[in-house]
Every structure is written in C-alpha cells, then in structure tokens.
Engineer: 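For reference, the structure I am asking about is given below.
In what follows, every chain begins at residue 1, and chains take the letters A, B, ... in the order their sequences are listed. Predicted model only: the values in this text are computed from it and were never measured.
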Number of protein chains: 2
Amino acid sequence: MAVVPRPVRTSPGTPTGTPAGTPAGSPAGTPAGTPARTPTLADVAAAAEVSLSTASLTFSGNKPVSEATRSRVLAAAASLGYTGPNPLARNLRRGRSGVVGIAVGRLSTAFSDPAALPMLDAISQVLDAAGLGLLLMPDDADHVGLPLDAAIYDICGRETWGSYDELAAREVPMVVVEGPSWPGTTFIDIDHRGGVAALARHLHDLGHRRVAILMLEASHPQREREAGLREVFPDAEVVGACASDIGAAQATVAAWLDAAPGGRPGVTALVCQSDVQAAGAVVEARRRGLRVPDDLSVAGFDGVPTPWLDVDLTTVAQPLAEKGRATAQAVLDRIAGAETADVVLPVELRLGGSTGPVAPPTDVAG
Amino acid sequence: MAVVPRPVRTSPGTPTGTPAGTPAGSPAGTPAGTPARTPTLADVAAAAEVSLSTASLTFSGNKPVSEATRSRVLAAAASLGYTGPNPLARNLRRGRSGVVGIAVGRLSTAFSDPAALPMLDAISQVLDAAGLGLLLMPDDADHVGLPLDAAIYDICGRETWGSYDELAAREVPMVVVEGPSWPGTTFIDIDHRGGVAALARHLHDLGHRRVAILMLEASHPQREREAGLREVFPDAEVVGACASDIGAAQATVAAWLDAAPGGRPGVTALVCQSDVQAAGAVVEARRRGLRVPDDLSVAGFDGVPTPWLDVDLTTVAQPLAEKGRATAQAVLDRIAGAETADVVLPVELRLGGSTGPVAPPTDVAG
DNA sequence: CGCTAGCATCGAATCGATTCGATCGAAACG
DNA sequence: CGTTTCGATCGAATCGATTCGATGCTAGCG
C-alpha cells in the first residue's frame, strides 16, 4: 500500500452547502454555463493539465507519480472541492463493494445476547482493518440489490435465512458460524459437544446422577450439546426450549418447577444453554426458596459476565473474540479467492459457585 | 413498482460451483473459446435476441415489456445462469449505493445498552422496507471509500466521530440522534430536560429535598437532563460520571457510599441516567443494607425492561421505536433530497416502586 | 557517443448496467 | 382509407473511475 492522499477535510463549521470556492468554471476547460456539478476525476485531471490516468494514479497510489505532478493534481483537487474518487465507480471497476453482510436474525434479539457482542466486535475490527464495512442483514428484509463481497451467517439455529438462496445463486462467499452444514460455505464452530461433555463429567464427579437440560430452539449446536451431555447422562431430562433471554428462561423454569411434584425438581443439576438462561434459572430457583447450588446446581454456557448475579456461574466458556477473528479471517480469505478450512475452536470448562456437590439426602422418606 | 422478476433460486444443496447448465457458449454469439465468465445483461440480451435496453427494462420494470419478450429474456437469463443486474453497475448508474452508515462508537459498548436495540431495530426496519441496508461504522475505523447514501450518528456524547469530516466533505446527508448541533445535519432528539424535570417534581412531591444525580460522560443530553433536575433541585449533588453498564454504576455508587459519612448517603433520592445505571445503584444500595425506596429512592431513564430486578423502576420512558422510525424517516427524506425538520420527541414519566415518600426521621439526632 | 533501462505519463478499453430520445408497427380515429 | 396515437423496441450516451500497453524522455552503462 502506497501512501494515499486524503481529501481535504472541512472541519465542523462549514460542512453544508458547497465548499468554499467550489463553483465550476474556475479552471480552463470547464464551460461557464455548466451548473455546479460535483467534480469528477476528469475535471481534476483537466484542471491539473494531466491525463485522467495520471490523476487516478495520484489518488490510488498504484504506480509512482512524480512529486511535481502529484502536488499539481492535489492542488487542482482542492481548488475544485474534489473529495476523492467516487466509491461507486471504483467499486464497479474493481468488482468489489467493500461491504460484508452479516445475517443477524432479528436485531433486537440477536444483540441482546451478550455473547454476540464480543464476537461481532472482533469481526468488525478485523474487517475494518481490511477496509471492509459490515452490513446488518435482518431476516425480515431481502437484501437483493445490495452488493456484498461476502456474507456471514451467525446466530445459530435460524431457519429463515431468506437471503441465503439469493447469495448462493450470486456465488457470494459465505461463512457460517455454528450453523448447519451447507455446501460451498466455510464453517466456524466451537466444540459444543466436548464442552458440555466436560461439564457433564464435572457434575458427575460432584455426585450428580439426575440432571436436566434446558434447551434452546432446535439447532445444530443445540443437538451437539445435548449429545455431549448424554455421553455422561444418557437419561438427562429435557426441560423445554426457550429463547436465550432471562425472562424466557425464568418463565420456562417456573413452569417446570410448577409441574414438578411438590415443586421440587426431580434432578440435582440443571444444564443451561447460555449464561443468560442460567442466570434466569438461578433467579427463579431462588425465588422459590431453592438454594443454588445446594438444592440445585446450575450451569451455563458462553462464559460472559453476569454482574447482576452474586454467584459466579459454572459455565462452558467459548473464545468469543477468537471466534469473531476466525470468522472475519475466513471472510477475507474467501474474498481473496483462497481456499479456507473449516474451524472448530476449543472451549473451556470454567468452574463457579453455581454448581456444587450433591447434598446428602436430608430424610429417608421421599 | 412493477413486478420485478427474481433470479432463479438454487436451494441449499447445489449452491456452490457453477450452476447446472451454465457453461458459456450455449447460445449463438458467444465464442466457444471464452473462459466461463459470469454472464452480463449483454449476454442475456444477445441470447434472447433483444437489445440491451429491452433486457434491462425486463429486469428493472421501469417501462412495460411485452409478455413474449419478457419470457424470452427470462428464459435466456435462466439458461445462462444470470442472477440479475450487477448491483455495483446499477449503483454507479443510479448514483446510489443503497447503504446507510450508522456510527456506533465501539460495538460492544454501544449495543450492550438495552435502549439502543429497539431503536436500531426500528431504524433497520424502516430502511429495509425502503431497500436500504444498514452499515456499522465503529469509531476506530475510517470508512472512507465506502459508498454511503447517508449516515446516522447515534450514541450520544461521542467526541471521536472521525468519519464526520469525511462525510461532510462528501456532502453525505447526516442525521444526528441526541447529538450536539452540527451544521447541515438533521436532528432527532427527545425531551431530556422536560422528562427529568417531571421526574424531579415527582420526587419533590414525595417530600424529597436532597437529591443526587449520577451522571454519564459529559454530552449534550446529559447537560440537558442536569438542567431539568436543577429546575427543581438547584443544589442537587453530582455523584460522578460512569458508563451506562451495571458494573460501572455499581462501582461508582459503591465509591460514593464509601465516601459518605457513616456510609449513609446525604440525600434521599438518586437520579440515574439510564435504567441500567439505576439497576446497578439499586443492587449496590441493597448490598449495603439500604432499603429501596425507603432509605433511598432511585430513578432511571429510558424505560427498558429490567427483568432481573424485583422492583419496577421509576423512570423517564422514551419512545425508542418511534425515535428510530423518525431517524430512519429523516434519512429517507434527506436521501430523496427533501428538506427535513428536526424532531424532538416527548418522554413520559413512568412511576414504579423504586421511588417512594421520604421516610420520617427515625431519630432526632443526626 | 550509442544503446539499453527504467520511470513518468498518456490513450484507450473496460467494468455492467440505466435511460433518453428516436424509430417502427399496429391499432384507433375521423 | 389516411392520419394520429400509443406501446414496444432499439441505439447510443452516460455513470466515474481503473489499468494495460505504448510512448517519450532521461540516466546509466560500456
């Protein structure tokens, strides 16, 4: 990358209207009758008395330009109020838009998941560094007509990926995070199964024999996690599917406990699919007088902070930032036309105070 | 809008590689030696034996095309694997990118604010309906070179709006939400001052005379809110600035109480700048044995759900979705070249259980 | 002093569509 | 039956840049 000259900046104070001294007709060549049109590179070239190609090279830096010429061009640009090559034209020529789409389901739900943010942040940082922008693609909109260099499918389990077909037809490179297997896409995943299996072994070591699992909506990672749990607890009870927000989790757990004989769970541990879910479970269990972890151990997934909870969750922590970086890197590779291998990142069992040994039975009678 | 034909969809299962039956050279006119290039509208026109203009009209629907011609063109497109007009070319011609940027500070902090999501959601919905995409512009990246039809500056108080100068120079329409006044931009705001003043009167009615205000980082709305409070409590104590996340609020309140004589606040009410902050304050106050609202009334701002709190916050509720819609509408208007008036939306005082009457002094001695 | 590099510059083709104005034919009208 | 009108189609210009290959000129080399 050679040094790219920046267009002259106008500080806040005079940003609106025509920049000072802009009106067309100043340099030779522009007929005076022309209405003030925003100047093009051709105008700059004419004003600087160089060819269009040279003017272009001055701005792109793709080939050396003599210092004298360069400053003549920049001076002409400044006097005309030229703010740099038109991105639309550049994009057409290059065949790139500089924009990567990311499918995010419904915005309000996607980003309320605290695990989504660090990852999105990492993706954005890597892409930004490469000069690419990140465009949100909510499910309810079709994004035909938007030029995308690549697309990321995140937020696992969405089945309503309306844009997939369009993008696939246009052969837009796609990277799928924690998604089902699709041909022609690159996958970024984490070791769901191994993580939950490790958690399950931990619970087993603590003496737990009867455990329940609080599910999310059906999805690829969800199935993997259940399989991981059943490696250790083949008969684990399924509590029910709920969204990953604290209210939904609380409601689902409430319904579950309501249905249990005597309001006491038939299990000693509850494995949740996110820390948010787990937090909801803890809150609801306590609200009913159950002690955590004495009466019920609760485990989460993700490894995000839950500051409003006064207990550290035992959880399967996933490397969110690294997942984001891997995703973005795969996008860059695919845009560059390189082959990319799928990625499966390791997770880490993180022990907290929300799980503990099974309390010895207080009474012989059930 | 006439009916726009959609490109043929390939279901998941055959999305990668060249669509079946695509190889160039099938119809007359394409020399057989050409390497398989992705087909252009010109190829389709040639295959359908119509002019380029007619082919274009078939896809854009901007002028009527006879049914016979239309189907010939579509058939040719299908057989060539043409997936519709190249968005890059269309954009250049139209002079529009179909992309609107939104400045969001740092992603992880911007979206962790629960008030940001409903608004972003509303913006996105309106823009999507207009066929526009939303592109994230974090502060740390420069988005020169990305073609934007307009830009939204949200997340008040950021001073590091690096992209502003560039966009202003390029005369990209800008809409600022709750921001400082900049020339050439459209403003969307809420009645910060009136809202907090109403809240202050409510506290006064409850008998409060000594109140404190927990600030955010300095910003335009922050100043307005403080002014609103001082309409009623000119001597309100300023507690300190902290970010709008529960942990920061908790820490700030903790430090404040630590510094207070006897660990008891010198006020009877604490006005916060967001519900998240308020939640942090409630949690910390309770942790120290203060009863809310008996010992300390706490009020928030925004009117977002705080499900993990067992008390409803008294708060100044702002119409988040409407703010988003107004913002998006302003963007659409400005893109269309229309003049737009600034908007100030009303807020609503919502009473909850976190504020209450001042308890009568339990003792004569201070 | 003649020859070869190498650098700066230029001309022209190209990216892939949209759209204005013109043309052509057929239907509707008097 | 001649003329007007309207709809469908087409040719050509245009959007605003990037880039390949060619050219001219200067400097270095033997």
Side-chain angles (χ1 to χ4, degrees), chain A residues 1-2 4-5 7 30 34 37-73 76-77 80-98 144-147 149 170, chain B residues 2 4-5 7 34 37-73 76-77 80-98 144-147 149 170:
Chain A
M1 301 269 180
V4 178
T30 315
T34 315
R37 184 177 44 86
T38 94
T40 73
L41 189 54
D43 299 330
V44 174
E49 297 179 302
V50 299
S51 75
L52 183 54
S53 2
T54 302
S56 174
L57 294 176
T58 303
F59 284 96
S60 73
N62 290 347
K63 273 192 184 181
V65 168
S66 78
E67 188 47 41
T69 307
R70 163 194 211 70
S71 53
R72 263 218 327 288
V73 171
L80 262 62
Y82 181 73
T83 53
N86 180 323
L88 266 47
R90 191 220 310 263
N91 286 348
L92 171 59
R93 194 59 240 258
R94 289 200 182 158
R96 297 261 195 79
S97 67
V144 191
L146 290 183
D149 287 350
R170 276 160 55 191
Chain B
V4 179
T34 315
R37 183 175 46 86
T38 94
T40 72
L41 189 54
D43 298 330
V44 173
E49 297 179 303
V50 298
S51 74
L52 184 52
S53 2
T54 302
S56 174
L57 293 176
T58 304
F59 284 97
S60 73
N62 290 347
K63 274 191 184 181
V65 168
S66 78
E67 187 47 41
T69 307
R70 165 196 210 69
S71 53
R72 265 220 322 290
V73 171
L80 262 63
Y82 181 74
T83 53
N86 180 322
L88 266 47
R90 191 220 310 262
N91 286 348
L92 171 59
R93 195 59 241 257
R94 289 200 183 156
R96 296 262 195 79
S97 67
V144 191
L146 290 183
D149 287 349
R170 276 160 54 191

Engineer: Can you list everything that forms a side chain to side chain donor-acceptor pair (under 3.5 Å) with A:Ser56? Sequence neighbours excluded, please.
Structural biologist: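 Testing A:Ser56 for side chain to side chain donor-acceptor pair (under 3.5 Å), a comparison that skips the adjacent residues, returns none.
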Engineer: Looking at A:Ser56, I'd like to know whether one of its side-chain N or O atoms comes within less than 4.0 Å of OP1 or OP2 on D:dA17.
Structural biologist: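 A:Ser56 to D:dA17 OP1/OP2: no side-chain N or O under 4.0 Å.
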Engineer: Residues two or more places apart in sequence or in another chain: which of them pass side-chain contact (heavy atoms from CB on, under 4.5 Å) with B:Arg93?
Structural biologist: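 Scan of B:Arg93 (side-chain contact (heavy atoms from CB on, under 4.5 Å), adjacent residues dropped) gives none.
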Engineer: Test your reading of the model: is there a side-chain donor-acceptor pair from B:Arg70 to the backbone of B:Val65, 3.5 Å cut-off?
Structural biologist: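 Answer holds: no.
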Engineer: Would you mind building the protein contact string for nucleotides 6-16 of chain C? One character per nucleotide, 5' to 3', B for base within reach (heavy atoms under 4.0 Å), S for sugar-phosphate only, - for untouched.
Structural biologist: --SBBB-BBBB
Engineer: Take the C1' atoms of the five end pairs on each side of the helix from C:dC1-D:dG30 to C:dG30-D:dC1, get both axes, and report the angle to 10 degrees.
Structural biologist: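 That helix has its two terminal axes inclined by roughly 30°.
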Engineer: What pairs with A:Ser66 under side chain to side chain donor-acceptor pair (under 3.5 Å), at least two apart in sequence or on another chain?
Structural biologist: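 Side chain to side chain donor-acceptor pair (under 3.5 Å) list for A:Ser66, sorted by chain: A:Thr69.
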Engineer: Sequence neighbours left out, what passes side-chain contact (heavy atoms from CB on, under 4.5 Å) with A:Asn86? Give chain and number order.
Structural biologist: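 Partners of A:Asn86 by the side-chain contact (heavy atoms from CB on, under 4.5 Å) criterion, ordered by chain and then number, come out as A:Leu88, A:Ala89.
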Engineer: OP1 or OP2 of D:dT18 versus the side-chain N and O atoms of A:Asn62: is any pair under 4.0 Å?
Structural biologist: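 Negative; the distance criterion is not met.
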Engineer: List the residues meeting side-chain contact (heavy atoms from CB on, under 4.5 Å) with B:Arg170, not counting sequence neighbours, and say none if there are none.
Structural biologist: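 A:Thr83, A:Pro87, B:Leu167, B:Val172.
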Engineer: Does any N or O in the side chain of A:Asp149 come within less than 3.5 Å of the main-chain N or O of A:Gly98, such that one atom is a donor and the other an acceptor?
Structural biologist: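 Side chain of A:Asp149 to backbone of A:Gly98, a donor-acceptor pair under 3.5 Å: yes, one is there.
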Engineer: Just to verify, what does A:Leu146 make a side-chain contact (heavy atoms from CB on, under 4.5 Å) with, not counting sequence neighbours?
Structural biologist: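 Counting only residues at least two positions away or on another chain, A:Leu146 forms a side-chain contact (heavy atoms from CB on, under 4.5 Å) with A:Leu135, A:His143, B:Val99.
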Engineer: Roughly how many Å is it from CZ in A:Phe59 to P in D:dT18, rounded to a whole number?
Structural biologist: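 The answer, rounded to whole Å, is 10 Å.
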